[in-house]
Amino acid sequence: MSDEAALQRPVGALVHALRILRHLSALGRPAGVNAISRATGVSPSTCFNLLRTLAAEGLVTFDAGDKTYRPGLGLVELAVGVLGTNPGDLIRPELERLARQYRVLMCLWHITGDDRIVLIERAFEPAATRVDLPLGKRLPAYTGGVGRVLAAQRNLPEAEIRRHYDALRWESPPPDFAAYRASIEAAGRDGYAEDLGQLYVGVDVVGALIVDAAGQARYGMSSISLAGQMDDDARRAIGEDLVQTCRRIGHALFAAPQGAFPVST
């Protein structure tokens, strides 16, 4: 075989991997190994090994509960430089995964320059009893779970925290300032924060941040559930999942360093 012919010969494993990625991207829903194998014509053993490799590289994500695969954030990292896509569209698969896994309303908030957060995308598990918020909903930036993490991430001085605290409006009796300040310190350690029925009566919120490469908070992600639907362990689990998910998204969209958050206060 000539050198020119060898250069033109496609690499079989790469061709199969791209076929799998194109199929999953076009499918629009998770799929198992056997279904992917049948649809792509890749043998089950090869398909399994390729999917495992693609998952390790972040190009697909694996749901251990139902043994299915779907496109991962690594694809966003490859494409974001050449696409002018709405970040909400890119992040939505992660919102859907979290909503399905934890049976909550998942919200994506844009952090504006005027100390507000605006709801730009949401996802929910249709079969779950849930609350809802309309797209375009605006809230003060330092309220709820996202707000506490934002105050920690920005390392606000106490006088500034007090000023924002005094301006907040709560549906239920608010935490006293010492408790609110302590929740911000906890957010600095954990990377996520909770609001349990204070912003809205009967509603529990867990929030985290997506930051860019310069450490600027760009988006917030929060889970919203009815009071009592999640116990302490479940809220901790989704909080830790949110932190890791936000880090991956930040890295994919903005090449954010892995150590950008949590911060100490």
Side-chain angles (χ1 to χ4, degrees), residues 91 94-95 98 102 104-112 115-119 133 138-200 203-225 227 230-251 254 256-265:
I91 297 169
E94 287 297 309
L95 294 176
L98 291 162
Y102 297 99
V104 294
L105 173 69
M106 288 300 309
C107 294
L108 177 67
W109 304 88
H110 173 58
I111 299 170
T112 71
D115 283 337
R116 293 289 186 272
I117 59 175
V118 180
L119 181 60
L133 291 175
R138 293 172 61 88
L139 293 172
Y142 297 103
T143 196
V146 168
R148 288 166 166 84
V149 190
L150 183 62
Q153 196 269 343
R154 289 179 173 174
N155 200 23
L156 296 181
E158 184 158 335
E160 185 74 0
I161 293 173
R162 168 68 78 171
R163 183 175 71 82
H164 289 292
Y165 169 83
D166 290 341
L168 292 176
R169 298 293 179 265
W170 315 79
E171 279 199 354
S172 64
D176 60 33
F177 179 72
Y180 180 70
R181 183 72 178 87
S183 69
I184 292 172
E185 292 175 354
R189 294 190 302 270
D190 300 333
Y192 69 91
E194 301 177 356
D195 182 295
L196 305 182
Q198 294 168 334
L199 176 60
Y200 295 113
V203 174
D204 293 343
V205 180
V206 182
L209 293 179
I210 299 169
V211 302
D212 63 20
Q216 179 180 353
R218 302 290 291 273
Y219 301 99
M221 288 178 66
S222 63
S223 72
I224 301 180
S225 59
M230 304 182 79
D231 60 18
D232 291 345
D233 289 341
R235 289 195 302 272
R236 185 181 306 110
I238 196 170
E240 292 172 352
D241 199 338
L242 277 171
V243 171
Q244 296 302 318
T245 300
C246 286
R247 281 178 172 165
R248 291 198 307 272
I249 293 171
H251 182 76
F254 309 111
Q258 288 293 318
F261 200 83
V263 296
S264 59
T265 58

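As a basis for the values below, the full set of heavy atoms in this structure was taken, side chains included, without hydrogen atoms, waters or symmetry mates.
Using a 4.5 Å heavy-atom cutoff, the side chains of His110 and Arg218 are not in contact.
Residues satisfying the side-chain hydrogen bond (donor to acceptor under 3.5 Å, both in side chains) test with Glu160, not counting sequence neighbours, are Arg163, His164. Residues passing the side-chain hydrogen bond (donor to acceptor under 3.5 Å, both in side chains) test with Ser183, sequence neighbours excluded: Arg148. Take Tyr200 and apply the ring-ring contact (aromatic ring centres under 6.0 Å, His included) test, not counting sequence neighbours, and it matches no residue. Applying the salt bridge (charged side-chain N to carboxylate O under 4.0 Å, His left out) criterion to Asp232, with sequence neighbours excluded, gives Arg235. Under the side-chain hydrogen bond (donor to acceptor under 3.5 Å, both in side chains) criterion, Arg162 pairs with no residue, sequence neighbours left out. Qualifying side-chain hydrogen bond (donor to acceptor under 3.5 Å, both in side chains) partners for Asp233, counting only residues two or more places apart in sequence or in other chains: Arg236.
Summarising the geometry, atom CZ belonging to Arg181 is positioned 5.5 Å from atom CD belonging to Glu158; distances are rounded to the nearest 0.5 Å. From Asp204, atom CG reaches atom CG of Asp195 across 8.0 Å, with rounding to the nearest 0.5 Å. Here the CD atom belonging to Glu185 is positioned 8.0 Å from the CD1 atom belonging to Ile161, to the nearest 0.5 angstrom. Rounded to the nearest 0.5 angstrom, Ile91 CD1 and Ile210 CD1 are separated by 4.0 Å. A distance of 11.5 Å separates OG1 in Thr245 from CD in Glu240, rounded to the nearest 0.5 Å. To the nearest 0.5 Å, atoms CG (Leu242) and CG (Asp190) are separated by 12.5 Å.
The minimum heavy-atom distance between Gly145 and Ala193, with the atom names listed, is O-CB, 3.5 Å. In terms of heavy-atom proximity, Val205 sits nearest to Ser222 at CG1-CB, 4.0 Å. The two residues Leu150 and Ala217 have their closest heavy-atom pair at CD1-CB, 3.5 Å. In terms of heavy atoms, Leu168 sits closest to Pro140 at CD2-CB, 3.8 Å.
Between Tyr165 and Phe177, the angle of the ring planes goes over 60°, which puts this pair in the perpendicular group of the 30/60° scheme. Relative ring orientation between Trp170 and Tyr180 is described as perpendicular, the plane-to-plane angle rising above 60° on a 0-90° scale split at 30° and 60°.
Look at Asp115 and Arg154 and you find a salt bridge, because one of the NZ, NE, NH1 or NH2 atoms lies within 4.0 Å of a carboxylate O, short of that distance.
Judged by distance alone, with hydrogens and angles left aside, the side-chain atoms of Thr143 form no donor-acceptor pair with the main-chain N or O of Gly147 at under 3.5 Å.
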